[in-house]
Asks: 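First, the structure itself, so that you have it in front of you.
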Amino acid sequence: MHSLIVVSHPDAQSLTHAVATAIGQGITGNNVQHSVEFADLNAEGFDPRFTLADHRHFLKQAPAPMDIAAEQARLDRAQALVLVYPVYWWSLPALLKGWIDRVFAQGWAYSDTPEGKVVKQLQHLTVHLVGVGGADNGTYARHGYASAMNTQIDHGIFDYCGAPVGSSTLLLPSDGGHGHTHLRTAHEIGTRIFASHGAEAM
């Protein structure tokens, strides 16, 4: 089983990157059948801007831009997608949102039929969301930020494409000495991603 971990943070020494690494270690463990590929959007220089070429692809007037076709190929190889990101303004960072805007395109992630129905095309891809936030759980609960993110991201993006969300986790808060706890949680998330497949293979 193969997973793609997409991380969006400009600092390779950040807690966000450490969380992504811990998840990857949890996935692979001692199981040689499980593999991980990391996509560091900042280091790779991914362009998040939805361009005229993307728009023409959306209108079915042109093929997907080459960089987007490459990203979609990476996802086609994976059975699990893990997004690891810092929470900016109670949502995804712009770079990661742009990656979704461009990669999860019509014709690949979903299709619109002439009858106005949406065909969900990513049922094979299980998604795991891991946000690292500075505020505490009480703040998220008091203002409804967690449920708003769930509606916008889990349901609004991935359910629309048919990709089941296997887990959605907010690691809060990111400071105050909670880093080691978050890394343990991240490792546990990784161990659970293909756990049922490992049990079936035994």
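Values reported hereafter were calculated over all heavy atoms of this structure, with side chains retained and with hydrogens, waters and symmetry mates removed.
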Asks: If you define the side chain from C-beta out and look only at heavy atoms, does anything of Leu183 sit under 4.5 Å from His187?
Replies: no
Asks: Within a radius of less than 6.0 Å around CD of Gln13, do more than 12 heavy atoms belonging to other residues, nucleotides or ligands occur?
Replies: no
Asks: Between Ser174 and Gly134, what is the shortest heavy-atom contact and its length?
Replies: OG-CA, 3.6 Å
Asks: Looking at every non-hydrogen atom in both residues, tell me the closest pair between Gly133 and Tyr140 and how far apart they are.
Replies: CA-OH, 4.0 Å
Asks: Compile the donor-acceptor pairs under 3.5 Å between side chains in residues 75-87 and protein atoms, sequence neighbours left out, one pair per line.
Replies:
| residue | atom | partner | partner atom | Å |
| --- | --- | --- | --- | --- |
| Asp76 | OD1 | Trp108 | NE1 | 3.2 |
| Gln79 | OE1 | His2 | N | 2.6 |

Asks: Check whether Ile23 and Val6 end up in the same hydrophobic cluster, where Ile, Leu, Val, Met, Phe, Trp and Tyr are linked by side-chain heavy atoms less than 4.5 Å apart.
Replies: no
Asks: Please answer: with hydrophobic residues joined when any side-chain heavy atoms are less than 4.5 Å apart, are Val130 and Ile193 in the same cluster?
Replies: yes
Asks: Please check: side-chain N/O of Lys120 versus main-chain N/O of Tyr110, any donor-acceptor pairing under 3.5 Å?
Replies: no
Asks: Under 3.5 Å, which donor-acceptor pairs do the side chains of residues 145-153 form with other protein atoms, sequence neighbours left out?
Replies:
| residue | atom | partner | partner atom | Å |
| --- | --- | --- | --- | --- |
| Ser147 | OG | Gly144 | O | 3.0 |
| Asn150 | ND2 | Asp154 | OD2 | 3.2 |
| Thr151 | OG1 | Ser147 | O | 3.0 |

Asks: Could you check whether any side-chain heavy atom of Phe158 comes within less than 4.5 Å of a side-chain heavy atom of Leu129, counting everything from C-beta outward?
Replies: yes
Asks: Is the count of non-hydrogen atoms from other residues, nucleotides or ligands lying under 6.0 Å from His155 atom NE2 greater than 12?
Replies: no
Asks: Strictly distance-based, threshold 3.5 Å: is any side-chain N or O of Asp112 a donor or acceptor partner for the main-chain N or O of Val118?
Replies: no
Asks: According to a 4.5 Å side-chain heavy-atom criterion applied to Ile, Leu, Val, Met, Phe, Trp and Tyr, with indirect links allowed, do Ile157 and Leu170 form part of one hydrophobic cluster?
Replies: yes
Asks: Do Phe46 and Tyr88 belong together in a cluster built from hydrophobic side chains that touch within less than 4.5 Å?
Replies: no
Asks: Taking C-beta and beyond as the side chain, do His17 and Asp11 meet within less than 4.5 Å on heavy atoms?
Replies: no
Asks: Looking at NE2 of His178 and CG of Asp136, how far apart are the two atoms once the value is rounded to the nearest 0.5 Å?
Replies: 8.5 Å
Asks: May I ask you to check whether over 12 heavy atoms, not counting those of His143, lie within 6.0 Å of atom NE2?
Replies: yes
Asks: Report yes if some heavy atom in the side chain of Ser8 is under 4.5 Å from a heavy atom in the side chain of Asn42; otherwise report no.
Replies: yes
Asks: Are Arg192 and Ser167 side-chain neighbours, meaning at least one heavy-atom pair lies under 4.5 Å?
Replies: no
Asks: With a 4.5 Å heavy-atom cut-off, do Val36 and Ile5 have their side chains touching?
Replies: yes
Asks: Looking at CD of Glu188 and OG1 of Thr185, how far apart are the two atoms once the value is rounded to the nearest 0.5 Å?
Replies: 5.5 Å
Asks: Apply side-chain hydrogen bond (donor to acceptor under 3.5 Å, both in side chains) to residues Ser111 and Gln121 and explain how you reach the verdict.
Replies: CA-CA 7 Å; Ser111 293; Gln121 297 180 194; 2.3 Å; yes
Asks: Which heavy atom of His128 sits nearest a heavy atom of Thr126, and at what distance?
Replies: NE2-CG2, 3.6 Å
Asks: Would you check if Asp40 and Val7 make a side-chain contact, meaning some heavy-atom pair closer than 4.5 Å?
Replies: yes
Asks: Please report the shortest heavy-atom distance between Ala39 and Leu4, naming the atom on each side.
Replies: CB-CD1, 4.1 Å
Asks: Could you check whether any side-chain heavy atom of Leu171 comes within less than 4.5 Å of a side-chain heavy atom of Thr169, counting everything from C-beta outward?
Replies: yes
Asks: For residues Leu122 and Met1: do they belong to one hydrophobic cluster (side chain heavy atoms under 4.5 Å, members Ile, Leu, Val, Met, Phe, Trp, Tyr)?
Replies: no
Asks: Search all heavy atoms of Ser35 against all heavy atoms of Ile27 and return the closest pair with its distance.
Replies: O-CG2, 4.4 Å
Asks: Can you see whether Thr28 engages His34 through a side-chain donor-acceptor pair at a distance of less than 3.5 angstrom?
Replies: no
Asks: Which atom names give the shortest non-hydrogen contact between His57 and Ala64, and what distance separates them?
Replies: ND1-N, 3.3 Å
Asks: Could you pull out all donor-acceptor pairs under 3.5 Å where a side-chain atom in residues 95-107 meets a protein atom, sequence neighbours excluded?
Replies:
| residue | atom | partner | partner atom | Å |
| --- | --- | --- | --- | --- |
| Lys97 | NZ | Asp101 | OD1 | 2.7 |
| Lys97 | NZ | Asp101 | OD2 | 3.4 |
| Trp99 | NE1 | Glu71 | OE1 | 2.8 |
| Arg102 | NE | Arg49 | O | 3.4 |
| Arg102 | NE | Asp54 | OD1 | 3.2 |
| Arg102 | NE | Asp54 | OD2 | 2.8 |
| Arg102 | NH1 | Asp47 | O | 2.7 |
| Arg102 | NH1 | Asp67 | OD2 | 2.8 |
| Arg102 | NH2 | Asp54 | OD1 | 3.4 |
| Arg102 | NH2 | Asp54 | OD2 | 3.4 |
| Arg102 | NH2 | Asp67 | OD1 | 3.2 |
| Arg102 | NH2 | Asp67 | OD2 | 3.3 |
| Gln106 | NE2 | Phe58 | O | 2.9 |

